[in-house]
Colleague: 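Sending over a structure as structure tokens; questions will come in a sec.
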Amino acid sequence: MEKNGTVHTGTVRQSLGLSLAALGVVYGDIGTSPLYAMRECFHGKHPHPATPDNVLGVLSLIVWALILIVSLKYLVFVLRADNRGEGGILALTALLNPWGDENRPPRKVLVFLGLFGAALLYGDGTLTPAISVLSAIEGLKIATPLFHPYIVPITVVILILLFLIQHRGTARVGALFGPVMVLWFTVLALLGIRGIMMAPEVLGALNPLHAVLFFVRDGWSGFQVLGAVFLVVTGGEALYADMGHFGRLPIRLAWFGCVLPALLLNYFGQGALLLKDPSEATEPFYHLAPAWALYPLVLLATMATIIASQAVISGVFSLTRQAIQLRLSPRMRIIQTSSEEIGQIYIPAVNWALMLATIALVAGFGSSSGLAAAYGVAVATTMVITALLVRFVMRERWHWHPLAVAGLTVIFLAVDLAFFGANILKVGAGGWIPLAAGLTVFTVMITWRRGRELVTTHLLAQATSLPSFLEELAAKPPQRVPGTAVFMSGRLFPAPPTLIHHLEHNKVLHEQVVILTILTEDIPRVSASERIELKRLGQGFYRLIVRYGFMQSPNVPVILRECEPLGLVTSPETTTFYLGRETLISTEKVSGMPRWREKLFAFMARNALQATAFYNLPPDRVVELGQQVEI
């Protein structure tokens, strides 16, 4: 097995098993790109005539995009930037930035870039299921035009079913992902070989000179086609985001041993088909197959695109949990769908929002070509941001020589910015949709974080230090009653306002009082041995500090049971949990955010999941104390 990017134990068989699983989860998106990528180059928004020179030039661009972006940038370098084994742009941002330093201008810019890149992935999460499933179903119209009116309805039904089964989790279906994708990549390779045999000269596209000559000949129109070429690498971010589930080695084995050869063979096969008959540019993928294999191929492609969509949806769930734990999003209901895999979760609010957005995209655009015109803008932007963040990792974490850092950064940015520029041309054709979605999520993130900072500042200004409170308590001891009171506190040092208010109004305290603070660290997971810190303060008071990683979900009853060996013994029947509930009032007296953001924050706070459910507290043992807070 692989941990933190380093192989410590395990066997080759285990690595191969993880590689098989990675085929389904990690490579579903990039593995279904042959359905539409080549077609969009010669039959899309900015089509090029399928002349031999153009075919070889575009094919050379595809080959070297896969090599430079996926193989070199992500597989060789970016996968090294793990946050204790976890990947993804939020994990990378947390790795670079201890949140306490975010007010330094350079660091603050990095934080905002990382958050915006993460927000853009939500736009990608709606487009990927739409374009993938729709492009697979469109193969039916190749068999017979009679299916044409039913393409969109069939796609919508499949997507609805996909989102309806999310609450069941992917544990059972996940076992089928790997074998189905092995079959898919095998078919890709076989179809590619069949095409290459029609025109073996297509292999000359391995020479990058064809790509250079393509730009020299076509100039601006050649640059525009990069937006379609980029579709072959749109799953690159998934490699990094899913590193924590499989490890660095299995992901690399799956890519170099299966995915890359199959993709290259298939793209070469489609290129050979176009060299032989340029009119096949309407659907070069499906035209590679013999007539008898068309229906089975559509079925297999549909299964592969459903798997790709499932992987993206699960990734959005994971990203949302990270955002909640990093205090970038309001609390939401998170359901653990597997008792064995912590990464298998279901978030109802996110699921239904994705479903509605995806169906709207399919109905609005009506074809995968229309969606392709909007697809890629968000991913291209995220890839540029990743390259910038990794540059700081190379300098600050790996301490590489400045010349090596500068050289690699220039190479990565030169490629990423070229694709970014080509994709920006798609904004008017629908590319604004993922950008708008990303900007909306980004605004929610920074508004929620800033709003919580303002609330915390207000509460701290009125707080009493814990030592002072205990001194006053010793001087004037209140009446004590049997049982345990747990006061949730978001800060380490002051006495919780709920404790002060409870004592002022009720004039009694429980015999045992626990001040519980749950902290989320900038690492994916905190081990059980390092999670709990318990201090006895005297007079029946305990300070309990519990640390979780941003990939973990807190459970207070479990925490209290784990404290028994440390000397804190509680009984569920005699334990009461006290929570604070702030009523937010937008006012001009406090400067912190524009009024519209204050109102947005207040709206999110009112609709956030209650702490009772988020921390798994027994509802019949919870007391909430309210307080008005002006922001």
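Computed from a prediction, not measured in an experiment: that's the story for all the values here.
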Colleague: Let me have the donor-acceptor pairs involving side chains of residues 411-429, under 3.5 Å, with sequence neighbours excluded, atom names and distances please.
Modeller:
residue : atom : partner : partner atom : Å
Asp416  : OD2  : Lys73   : NZ           : 2.5
Asn423  : OD1  : Lys426  : NZ           : 3.2
Asn423  : ND2  : Phe419  : O            : 2.7
Lys426  : NZ   : Gly227  : O            : 2.8
Lys426  : NZ   : Ala372  : O            : 3.3
Lys426  : NZ   : Tyr375  : O            : 2.7

Colleague: For Leu206, does its backbone N or O pair with a side-chain atom of Trp64 as donor and acceptor, under 3.5 Å?
Modeller: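 Yes; at least one donor-acceptor contact below 3.5 Å.
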Colleague: Could you tell me the separation between the OG atom of Ser33 and the CG atom of Leu263, rounded to the nearest 0.5 Å?
Modeller: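 Going from OG on Ser33 over to CG on Leu263, the span is 7.5 Å.
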Colleague: Could you check if a side-chain atom of Val225 sits within less than 4.5 angstrom of a side-chain atom of Phe42, using non-hydrogen atoms only?
Modeller: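 Side-chain contact under 4.5 Å: no.
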Colleague: Return yes if some donor-acceptor pair links the side-chain N/O of Ser71 with the main-chain N/O of Leu68 below 3.5 Å, else return no.
Modeller: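 Not at all, since once roles are kept as given, no pair shorter than 3.5 Å links the two residues.
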Colleague: Determine yes or no for a side-chain-to-main-chain donor-acceptor pair under 3.5 angstrom, with Arg217 supplying the side chain and Asp53 the backbone.
Modeller: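 Looks like yes, one N/O pair under 3.5 Å.
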Colleague: Are Tyr240 and Ile89 side-chain neighbours, meaning at least one heavy-atom pair lies under 4.5 Å?
Modeller: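 No, their side chains stay 4.5 Å or more apart.
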Colleague: Which atom pair, heavy atoms only, marks the closest approach of Val232 to Leu66?
Modeller: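 For Val232 and Leu66, the tightest heavy-atom pair comes out as O-CD2, 3.6 Å.
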Colleague: Would Arg395 pass as a cation-pi partner of Trp400, given that its NZ or CZ must be under 6.0 Å from the six-membered ring centre and within 45 degrees of the axis?
Modeller: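 Judged by the rule (NZ or CZ under 6.0 Å from the ring centre, within 45° of its axis), Arg395 is not positioned above Trp400.
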Colleague: Can you tell me how far the CG atom of Leu265 sits from the CZ atom of Phe185, to the nearest 0.5 Å?
Modeller: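 One gets 12.5 Å once the value is rounded to the nearest 0.5 Å.
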Colleague: Table please: side-chain donor-acceptor pairs of residues 382-394 below 3.5 Å, with sequence neighbours left out.
Modeller:
residue : atom : partner : partner atom : Å
Thr382  : OG1  : Gly117  : O            : 3.4
Thr382  : OG1  : Ala378  : O            : 2.9
Thr386  : OG1  : Glu237  : OE2          : 3.0
Thr386  : OG1  : Thr382  : O            : 3.0

Colleague: Using modelled atom types only, decide if a donor and an acceptor are shared between the side chain of Thr128 and the backbone of Gly125 within a distance under 3.5 Å.
Modeller: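 Checked: no pair found.
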Colleague: Provide the full list of side chain to side chain donor-acceptor pair (under 3.5 Å) pairs with a residue in residues 278-296, sequence neighbours left out, each pair given once.
Modeller: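 Residue pairs with at least one partner in residues 278-296: Arg39-Glu283, Asp277-Ser279, Glu280-His287.
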Colleague: Looking at Leu231, is its backbone amide N or carbonyl O close enough to the side chain of Tyr36 to form a donor-acceptor pair, meaning the two atoms are under 3.5 Å apart?
Modeller: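 Absent.
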Colleague: Looking just at side-chain N and O atoms, do Ser369 and Glu40 make a donor-acceptor pair shorter than 3.5 Å?
Modeller: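 Side-chain D/A pair, Ser369 to Glu40: present.
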Colleague: Indicate the atoms forming the closest heavy-atom contact of Gly28 with Met181, along with that distance.
Modeller: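 Result for this residue pair: CA-CE, 4.0 Å.
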Colleague: Taking all atoms of both residues into account, what is the closest heavy-atom pair of Ala293 and Ala289, and its distance?
Modeller: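 So the minimum-distance heavy-atom pair works out to CB-CB, 4.5 Å.
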Colleague: What's the separation between atom CG in Leu59 and atom CG in Asn207, rounded to the nearest 0.5 Å?
Modeller: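 Interatomic distance, Leu59 CG to Asn207 CG, rounded to 0.5 Å: 12.0 Å.
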Colleague: Nearest 0.5 Å, please: how far is OG in Ser132 from CD1 in Ile158?
Modeller: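 Nearest 0.5 Å value for the CD1-OG distance: 12.0 Å.
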Colleague: State whether the side chain of Arg194 and the backbone N or O of Gly269 hold a donor-acceptor pair below 3.5 Å, judged by distance alone.
Modeller: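 Such a contact is absent between Arg194 side chain and Gly269 backbone.
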Colleague: With a 4.5 Å limit on heavy-atom distance, are the side chains of Tyr122 and Leu319 in contact?
Modeller: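 Contact flag for Tyr122/Leu319 side chains = yes.
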Colleague: How far does OG of Ser221 sit from CG of Asn54, to the nearest 0.5 angstrom?
Modeller: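 That separation rounds to 8.0 Å.
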